[in-house]
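For reference, the structure discussed in these notes is given below.
Start at 1 with the first residue, then count along the sequence.
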Amino acid sequence: MNNQQPNQNFWSGFKARFKYIWHRFQLTRWLIVIVMGGFLVLSGYMTFMAKTANVGDLKAALENPTQIYDRSNKKAGTLYSQKGTYVPLKSISTNVQSAVISTEDRNFYHEYGFSFKGYARAFLLYAKNKVLRHNYISGGGSTLTQQLAKNAYLTQEQTFTRKFKELFLSIEIENVYSKKDILSMYLNNAYFGNGVWGVQDAAERYFGTSAENLTVPESAVLAGMLTSPSAYNPIDHPAASKARRNVVIGLMAETGAITSAQAKQYQATALTTNDNYSYKNTYKYPYFFDAVINEAVSKYNLTESEIMNKGYKIYTTLDQSNQQQMQTLFKNDSYFPANASDGTKVQAASIAIDPDTGGVEAVVGGRGKHVFRGYNRATQMQRQPGSTIKPLAVYTPALENGYYYDSELTDKKKSYGSNNYTPENYGNQYSGKIPMYQALAQSTNAPAVWLLNKIGVDKGYESVKKFGLPVTKSDKNLALSLGGLKTGVSPQQLAQAYTSFANNGTMSSAHYIRKIVDASGNVVVSTDDSKPKTTKVMSQKTAKQMTSMMMGVFNYGTGATAKPYGYTIAGKTGSTEADGDADATRDKWIVGYTPDVVVTTWEGFDSTSSKHHLENVSGTGEGPLFQAEMQGILPNTKGTSFTTKDASTLAKAENSGTSSSSSDIWDQVQNGIDNAGKTFNNAADTVKSWWEKAKSYVE
């Protein structure tokens, strides 16, 4: 008894003090102010969110698929995922309208986008779930407008945050649209299972008729599916679908849409289905369209859902003729080496870029079945570039640092550094000395490594960085000259780098999108936003010399068998060894260009192993594929000619003391300057050798 007395005194004293403080500082009023203030802030935020959701664009966005346009502003295809064939309300049977309203929202025409009873029920269910330790809300009786808002703007998560967003969005939708518009948008945007969206396609899929011809029982089936499209699917679950149909018919009788007698008659009818739905694939150029979506997401901060479903008009750099031809070639197995013994396909990727604008005209990211936004080897792959890096890492910086296209290089088997790095030519063939243009055309390794060692690895490394390839400090070694990169490159990155040779020394960044306009005609991405970034990589003179040397690759060098008939192109080939076996190839590359287009093609296995590698495939596979690609693409270009000749031709003319009649005065002046420079350099080399000899005598 005595022990309880102090406790009672303590609690009574605490209550008295708490009551005094509560009244003294008017905490009830402050609590009301805080709650009302919080509600006001939340309401303000939700109103702002609803007002900035561009609800005014909703009808146009739902009516129209996202259209893709090519470089000539011609339609190239459409994008949509949660969309079907949109039809106006007058083309939808009143039976469907009555069935849906009777089942989903009886007060649709008498409420303003939301139901007080529905929200009260949601709160009660939430409280019940809390008691049962279920951390979600179930039910709540969303109106048709709320369901439209949820489907068009929100996720399917069951939370109060989503419920509040849904509420304010539905109010905004009611502010902008009539009830008929809302009902039309809802029916055209509802999901009916089996990948079918919208009442028109659902009518064709399940009953082989149009939406305007649906009977009461058919309409009841579709209305019954809205709560659970998979559970009440009339094809997969006919019994459950029929039972649900009869419930809906009963609800239609309750609301007066039909009589009780009619309801009994309809409920007694058999449920029959008829599939007359045909899916129209408008995703015509899958790898290109994938790349467009990826660029819109990564570069312009749009979501995949927005791109696919909001009725944008996306203007791209696509050349439909080039894209179609490239896709057709990839479907022809005769252009590729045989599959591995276990059936694994040799993979490949190709890309064509306009060097002036950087616009990608065509891209194919692999062979076999395409997966939506799946692996695109043309844009996402990272493989060692082999000898295609030589013009970037060795020959361009050499020309920029005093060498000439016909400078003599040492072609001997040599070891470098403390690790005795010893590059080898194919077949272990060495000539002692070789002019630079010939070393490039024949892709000999020893001269390239010797030259990089002469100009300095740092210069080669910085040059590769200028070309935009992803190199790291670990790549700063002589192996860089032969493409020994840690991470590798993609065909798109390599093609982008080569735009600098085709574009007089200026590299244009590769891109797919020119402009994006929303469903209401507002410009989302302008042509100013999508202008390519350009980088001055080398002088115009160096670009011209590089082109003259790389013409030899296809005239008499390693790419001769891939040269397109009747055309002059420049570029480079490359390959990488698999498992240290000179006859086992991991990657095969060809890059070719004219002033109008750059094309890069890669070939190999996704995973290289003893059973999955290319053999010595000269004459098969990549050469014919690249040749066919070029022969299909070049006729579609402007046909711009190079302003220089093959380096071997220039060298012969220089050695014979004659000049081409087609050379202009500037070329002759430039040749004179070049020759003077070479004479000066030769003299300097002679003086240097004398000095070295003199030093040796003194020592």
Side-chain angles (χ1 to χ4, degrees), residues 77 281 283-294 318-353 360-386 388 488-495 512 561-562 564 573-576 578 584-592 598-633:
N281 184 13
Y283 208 73
K284 291 171 63 177
Y285 309 119
Y287 283 106
F288 193 97
F289 287 0
D290 280 358
V292 168
I293 296 171
N294 291 340
L318 171 69
D319 185 303
Q320 292 194 66
S321 177
N322 292 346
Q323 180 70 37
Q324 187 60 61
Q325 289 184 82
M326 192 176 282
Q327 288 182 185
T328 300
L329 290 172
F330 267 68
K331 292 175 183 177
N332 189 338
D333 291 342
S334 66
Y335 286 104
F336 301 91
N339 297 339
S341 58
D342 62 1
T344 303
K345 280 192 174 191
V346 173
Q347 276 299 340
S350 291
I351 189 168
I353 298 179
V360 176
E361 297 180 3
V363 62
V364 177
R367 299 176 67 202
K369 186 178 180 180
H370 168 263
V371 177
F372 175 69
R373 292 191 75 188
Y375 187 47
N376 186 336
R377 294 164 187 82
T379 60
Q380 297 172 307
M381 182 182 69
Q382 298 288 304
R383 301 291 280 255
Q384 292 189 354
T388 59
V489 301
S490 69
Q492 179 171 298
Q493 289 171 324
L494 198 57
Y512 296 81
T561 58
T573 65
S575 62
T576 62
T585 302
R586 184 174 187 267
D587 307 283
K588 295 282 286 186
W589 295 88
I590 300 184
V591 190
V598 179
V599 177
T600 295
T601 297
W602 167 88
E603 200 172 86
F605 285 93
D606 285 334
S607 298
T608 306
S609 67
S610 58
K611 293 183 178 180
H612 298 133
H613 62 256
L614 303 174
E615 300 297 335
N616 191 345
V617 293
S618 58
T620 63
E622 191 184 41
L625 173 64
F626 176 85
Q627 184 184 57
E629 287 174 337
M630 278 304 223
Q631 286 179 181
I633 291 172

With the side chain counted from C-beta on, respond yes when [X] and [Y] share a heavy-atom pair under 4.5 Å apart, and no when they do not.
X	Y	value
Pro491	Arg377	no
Met326	Asn322	no
Lys345	Phe336	no
Lys284	Gln323	no
Tyr335	Gln627	no
Gln327	Pro286	yes

Task: Whether Phe605 and His612 hold their rings parallel, tilted or perpendicular, with breakpoints at 30° and 60° - done: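 Plane angle between 30° and 60°, so tilted.
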
Please report the closest heavy-atom contact between [X] and [Y], naming both atoms and the distance.
X	Y	value
Val599	Ala352	CG2-CB, 4.0 Å
Ala378	Val364	CB-O, 3.8 Å
Ala562	Ile590	CB-CD1, 3.9 Å
Gly574	Thr388	N-CG2, 3.7 Å
Ile351	Ala495	CG2-CB, 3.9 Å

Could you tell me whether a side-chain N or O of [X] sits under 3.5 Å from a main-chain N or O of [Y], the two making a donor and an acceptor?
X	Y	result
Thr576	Asp587	yes
Trp589	Gln384	yes
Arg367	Ala348	no

TODO: Determine, stepwise, if the pair Gln325 / Ile633 fulfils side-chain contact (heavy atoms from CB on, under 4.5 Å).
DONE: CA-CA 8 Å; Gln325 289 184 82; Ile633 291 172; 5.7 Å; no

TODO: Before giving the answer on side-chain contact (heavy atoms from CB on, under 4.5 Å), spell out for Asn294 and Thr379 the whole-Å C-alpha distance, their side-chain angles and the decisive distance to 0.1 Å.
DONE: CA-CA 10 Å; Asn294 291 340; Thr379 60; 5.5 Å; no

- [ ] Would you mind telling me which of Phe372, Tyr375, Tyr512 makes a side chain to side chain contact (heavy atoms under 4.5 Å, CB included) with Asp290?
- [x]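 Only one option passes, and that is Phe372.
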
[atom1]/[X] to [atom2]/[Y] distance, rounded to the nearest 0.5 angstrom?
X	Y	atom1	atom2	result
Thr344	Asn339	OG1	CG	7.5 Å
Gln492	Ile353	CD	CD1	5.5 Å
Leu625	Ser350	CG	OG	5.0 Å
Thr600	Gln493	OG1	CD	11.0 Å
Thr585	His613	OG1	NE2	8.0 Å
Phe288	Asp319	CZ	CG	9.5 Å

Open item on the list: Between Tyr285 and Gln320, do the side chains contain a donor N or O and an acceptor N or O under 3.5 Å apart?
Closed with: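 The answer is yes; a qualifying pair exists.
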
